[in-house]
K.L.:
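Dumping the structure here so I can ask a few things about it.
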Amino acid sequence: METPDQIAKEVQAELVRRRNAAATIVGLLLVLTLALAVIAFFGKNFFRHQTNPSLRIAWMITTLTFGTGSIILRRTKFSAMRLQDIAALKGASGLLKTLETTTLQVALLGGAISVCGFIATFMTGDGFYTYRSALVGLAVLLYSYPTHASWQRALVKFVRFGPERPEPELAA
C-alpha cells in the first residue's frame, strides 16, 4: 500500500485546498450556531412570547428528520464501495470533490437545524428551541468536520498510484 508521501504533490495540494475550504465552511456554521444561541439568550425579552403546540411538533419533526438525515447521508455517500467506484472512475480529483461536497451537504443540514430552532424561538420567545437545536446542530457539525488524516487515508486506500496506473490529471 502506498504511503502519504507517495501521493503526488498536485493531489496533495488539492487535498489541502479542498479540505481547508470544507473545514472553513463547517467552522463558520459552528460559529453561526453558537451566535444564534447567544442571540436567543440575550434577546429573549425582545421576542414575542406565545405558545404554539403545532410549531413544537413541526420543530421536533424537522430536527429529527434533518439530524437523522445527515447521518444517513454521510454514511451512504462515504460508503467504501461508493468511494472506491468514484476513485476508479474519476481518480483522486473526483474522490476529493466527493468528500468535499458530501461534507458541505451534511454541514448545511446541521446549520439548517440551528436556524430552524432560532426561527421557532423568534416566533414563540421560547429559548428551548434554539438551545436544543444548537446542541443537535453542533453534534452534526462536529460529526461532519473534515480531518486531514481521514481524507488522506481515503486517498491512499482508494486511489492507486504507480506504474500500473498513471497519476490522474487534475482539473484546475
Side-chain angles (χ1 to χ4, degrees), residues 1-37 58-118 131-172:
M1 179 177 267
E2 292 87 6
T3 64
D5 296 335
Q6 293 172 324
I7 297 175
K9 289 184 194 251
E10 298 85 20
V11 174
Q12 202 57 268
E14 185 175 1
L15 166 70
V16 170
R17 182 179 56 79
R18 287 188 181 273
R19 198 222 52 98
N20 286 346
T24 300
I25 300 296
V26 173
L28 289 173
L29 289 170
L30 282 166
V31 169
L32 171 71
T33 299
L34 294 174
L36 290 176
W59 169 81
M60 287 193 300
I61 291 170
T62 302
T63 301
L64 179 66
T65 302
F66 283 5
T68 307
S70 66
I71 293 168
I72 292 170
L73 177 70
R74 186 172 190 273
R75 291 187 59 87
T76 303
K77 295 268 188 152
F78 285 168
S79 72
M81 292 204 47
R82 184 173 187 279
L83 293 178
Q84 183 177 4
D85 290 344
I86 289 169
L89 293 173
K90 298 180 182 176
S93 186
L95 179 64
L96 290 171
K97 183 178 180 185
T98 300
L99 293 173
E100 180 184 31
T101 55
T102 301
T103 298
L104 293 178
Q105 290 168 351
V106 174
L108 288 174
L109 283 173
I113 292 169
S114 301
V115 170
C116 287
F118 183 77
Y131 307 143
R132 297 289 183 342
S133 292
L135 286 175
V136 174
L138 285 172
V140 168
L141 289 167
L142 291 174
Y143 177 65
S144 73
Y145 192 82
T147 61
H148 184 78
S150 65
W151 284 28
Q152 197 162 19
R153 276 193 311 269
L155 271 178
V156 169
K157 182 175 182 180
F158 297 116
V159 178
R160 301 288 175 233
F161 299 108
E164 70 279 352
R165 180 171 170 189
E167 293 180 12
E169 305 255 343
L170 294 177

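Positions are given from 1, in the same order as the sequence printed here.
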K.L.:
Taking all non-hydrogen atoms of both residues into account, name the closest pair between Glu14 and Ser93 and its distance.
P.N.:
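The answer is OE2-OG, 3.1 Å.
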K.L.:
Side-chain donor-acceptor pairs under 3.5 Å in residues 103-110, sequence neighbours left out?
P.N.:
residue	atom	partner	partner atom	Å
Thr103	OG1	Leu99	O	2.7

K.L.:
Indicate the atoms forming the closest heavy-atom contact of Gly111 with Leu141, along with that distance.
P.N.:
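Closest heavy-atom pair between Gly111 and Leu141: N-CD2, 4.4 Å.
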K.L.:
Shortest non-hydrogen contact from Arg75 to Tyr143?
P.N.:
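Closest heavy-atom pair between Arg75 and Tyr143: CG-OH, 3.7 Å.
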K.L.:
Looking only at non-hydrogen atoms, find the nearest pair between Val159 and Ala92 and report the distance.
P.N.:
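Closest approach of Val159 to Ala92, heavy atoms only: CG2-CA, 3.8 Å.
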K.L.:
Return the set of residues passing side-chain hydrogen bond (donor to acceptor under 3.5 Å, both in side chains) with Thr147 (not counting sequence neighbours), or none when no residue passes.
P.N.:
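Checked Thr147 against side-chain hydrogen bond (donor to acceptor under 3.5 Å, both in side chains); matches are Ser150.
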K.L.:
Under the ring-ring contact (aromatic ring centres under 6.0 Å, His included) rule, what pairs show up with a residue in residues 58-93, not counting sequence neighbours?
P.N.:
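Every ring-ring contact (aromatic ring centres under 6.0 Å, His included) pair that includes a residue of residues 58-93, provided the two are not neighbours, is Trp59-Phe128, Trp59-Tyr129.
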K.L.:
Give a yes or no on whether the backbone of Ser144 and the side-chain of Arg74 come within a donor-acceptor separation of less than 3.5 Å.
P.N.:
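No; zero donor-acceptor contacts below 3.5 Å.
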K.L.:
Ser114: which residues meet the side chain to side chain contact (heavy atoms under 4.5 Å, CB included) condition with it, sequence neighbours left out?
P.N.:
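Residues passing side chain to side chain contact (heavy atoms under 4.5 Å, CB included) with Ser114: Thr33, Leu36.
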K.L.:
Name the atoms and distances for all side-chain donor-acceptor pairs under 3.5 Å in residues 20-27, with sequence neighbours left out.
P.N.:
residue	atom	partner	partner atom	Å
Asn20	ND2	Val16	O	3.2
Thr24	OG1	Asn20	O	2.7

K.L.:
Can you give me every donor-acceptor pair (side chain of residues 79-89, partner residue at least two apart or in another chain, under 3.5 Å) with its distance?
P.N.:
residue	atom	partner	partner atom	Å
Ser79	OG	Thr76	O	3.4
Ser79	OG	Arg82	N	3.4
Arg82	NH1	Lys77	O	3.2

K.L.:
Can you see which heavy atom on Gln12 is nearest to which on Gln152, and at what distance?
P.N.:
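Scanning both residues, the minimum pair turns out to be NE2-NE2, 3.1 Å.
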K.L.:
Does any N or O in the side chain of Thr63 come within less than 3.5 Å of the main-chain N or O of Met60, such that one atom is a donor and the other an acceptor?
P.N.:
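No; judged by distance alone, with no hydrogens or angles, the pair does not exist.
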K.L.:
With distance as the sole test, does Thr68 use its side chain to make a donor-acceptor pair with the main-chain N or O of Thr65 at under 3.5 Å?
P.N.:
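No: the side chain of Thr68 does not pair with the backbone of Thr65.
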